[in-house]
Protein chains: 2
Amino acid sequence: MKSEKISELTTSRLSVYLRCLNQLAADGERTVSSEGLAKKFHLNSAQIRKDLAYFGEFGVRGVGYYVDELRDHLTKILGLDRPHNLTIVGAGRLGTALADYYRAAQSNFAVAAMFDADPAKIGTLVGKVEVFDIKNFPEIAERYNIDVAVIAVPAEFAPAVLQQITVSGIKAIMNFAPVPLKAPENVKLKTVDLTISLEGLAYFLAQPSPQNGQRR
Amino acid sequence: MKSEKISELTTSRLSVYLRCLNQLAADGERTVSSEGLAKKFHLNSAQIRKDLAYFGEFGVRGVGYYVDELRDHLTKILGLDRPHNLTIVGAGRLGTALADYYRAAQSNFAVAAMFDADPAKIGTLVGKVEVFDIKNFPEIAERYNIDVAVIAVPAEFAPAVLQQITVSGIKAIMNFAPVPLKAPENVKLKTVDLTISLEGLAYFLAQPSPQNGQRR
DNA sequence: ATATGTGAAAACATTCACAGCT
DNA sequence: AGCTGTGAATGTTTTCACATAT
């Protein structure tokens, strides 16, 4: 157990471990070893032990980890022991798909509201979630106690949307707009760039090495 | 110019640079320095020079990089100088949203076909793209000359879908199912896990440090 | 016997700083 | 004078290997 700063690589692995532990619990497993976990996702067992050891000594030597206990720890560590209210800004194709996706995924994230600038969309429902005018963001975010915002608007509007979100005091933002955004200090911004991920695949295909038998 | 193995971190930055160069070209800029690029995305200029130097000496000392020339190089390096045919497996909410997203993004990725197992969806159109029966994957993939596949099915079906895709000889796969998949050697698999990204935000919110003024 | 927790080593990535070119 | 390309230095992440606990 150390008090260093935890890297993002570690925390996203914790999410993966937790998902796996939920599965193991459902399967009725009582304990699991770091080696057992490691095999499930082609990962090094020392890495798992180290990731967990940042937060405490959860294991028992000679035995492994108790599934239920570790699951509770990770749930708490990841802040998933209490609900989060999500908003999705941008009620276009991607925004509505994300709303549906997050609504369907049973999780502690409730999609509480959506926003758009298009008058035709304002007032409509996506699933059971109302689309509000982006102009009223601060008021609605307050009313619904939003703590996480997802940006799903075209790149050109993203900086302005980010601005509106941050002035409302929201500290956690996920951005799907393909543009580099700079969030204020003490606001966590994660960008997922769907285009760049694809281009990484194109690069791979362009490499000479795997060209044997490759479809062109 | 080295012949080392290029890291994925480098290649995704190349995508970012290319996007920026396209913008600069549209703005009529002739040259740009590594420092100029670096400022745009809060990045170190040495990193940019190093990333580029893996592939050649594209710059001119005392001047910088010629926008058009560097753009051409990066386009070629990333394999974006020729078209790619994309398929999306899973015509649910996420799959159709991704289809629309990639269709709209003007790029070298053409959405050529979609697949699903649900008889109600087979034969329908998403945009102008037909949904085929997943059973016919090999034949249709061949017909449309698919070289990149996107997995957008529920986690439980993802392993079987991966299997079907890889036996068809497709070498580049993007996975949105929240499950750890293992692709064969010489197949590139990228997973984007929308849930894990959110949980990283929850972890951040659960930390004591930024709790001043945070909405709960 | 078995599996954790962790220093030490190795691998990998970023940044510095400057020689060298235009 | 100005900016690249790159070795060297620094920082970060992963893996090894083993003492330590049950």
**F55(A) and Y203(B) aromatic ring geometry - parallel, tilted or perpendicular at 30°/60° bounds** =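 Ring orientation of Y203(B) relative to F55(A): perpendicular.
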Among side-chain atoms of [X] and [Y], is any donor-acceptor pair under 3.5 angstrom?
X	Y	result
Q23(A)	D27(A)	yes
D81(B)	T75(B)	no
H84(A)	D147(A)	yes
R49(A)	S45(A)	yes

Could you tell me how far apart [X] ([atom1]) and [N] ([atom2]) are, to the nearest whole angstrom?
X	N	atom1	atom2	result
F55(B)	dG5(D)	CZ	C1'	15 Å
I6(A)	dT14(D)	CD1	C1'	15 Å
L14(A)	dT13(D)	CG	C1'	15 Å
E8(A)	dT14(D)	CD	P	12 Å
D51(B)	dT14(C)	CG	P	8 Å
Y54(A)	dT14(D)	OH	P	8 Å

**Asked** Think R61(A) has a side-chain N or O under 4.0 angstrom from the OP1 or OP2 of dA19(D)?
**Response**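 It does not, given that no N or O in the side chain of R61(A) lies less than 4.0 Å from OP1 or OP2 of dA19(D).
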**Prompt:** Would one find a side-chain N or O of Y65(A) under 4.0 angstrom from OP1 or OP2 of dG5(C)?
**Reply:** yes
**Request:** First locate atom CD of Q47(B), then atom OG of S34(B), and finally report the distance between them rounded to the nearest 0.5 Å.
**Result:** 11.5 Å
**Distance, nearest 0.5 Å, that separates CD of Q106(B) from OG1 of T195(A)** = 9.0 Å
**Message:** Suppose we call a contact any N or O donor and acceptor under 3.5 Å apart; does that hold for the side chain of K50(B) and the base of dT14(C)?
**Reply:**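 Between dT14(C) and K50(B), which were checked side chain against base, a qualifying N/O pair under 3.5 Å is absent.
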**Prompt:** With sugar-phosphate meaning primed atoms plus P, OP1 and OP2, does L52(A) contact a base, only sugar-phosphate, or nothing at under 4.0 Å between heavy atoms?
**Reply:**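 Result for L52(A) = nothing.
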**Message:** At 4.0 Å (heavy atoms only), tell me whether S34(A) reaches a base, stays on the sugar-phosphate, or touches nothing.
**Reply:** sugar-phosphate
**Asked** For DNA chain D, whose closest nucleotide is more 5', that of T10(A) or that of V60(A)?
**Response** T10(A)
**Item:** Options dT4(C), dT13(D), dG5(C), nucleotide nearest the side-chain atoms of S7(A)
**Value:** dT13(D)
**Message:** So if I take residues 35-49 of chain A and measure heavy-atom distances to DNA chain C, which residues fall below 4.0 Å?
**Reply:** R49(A)
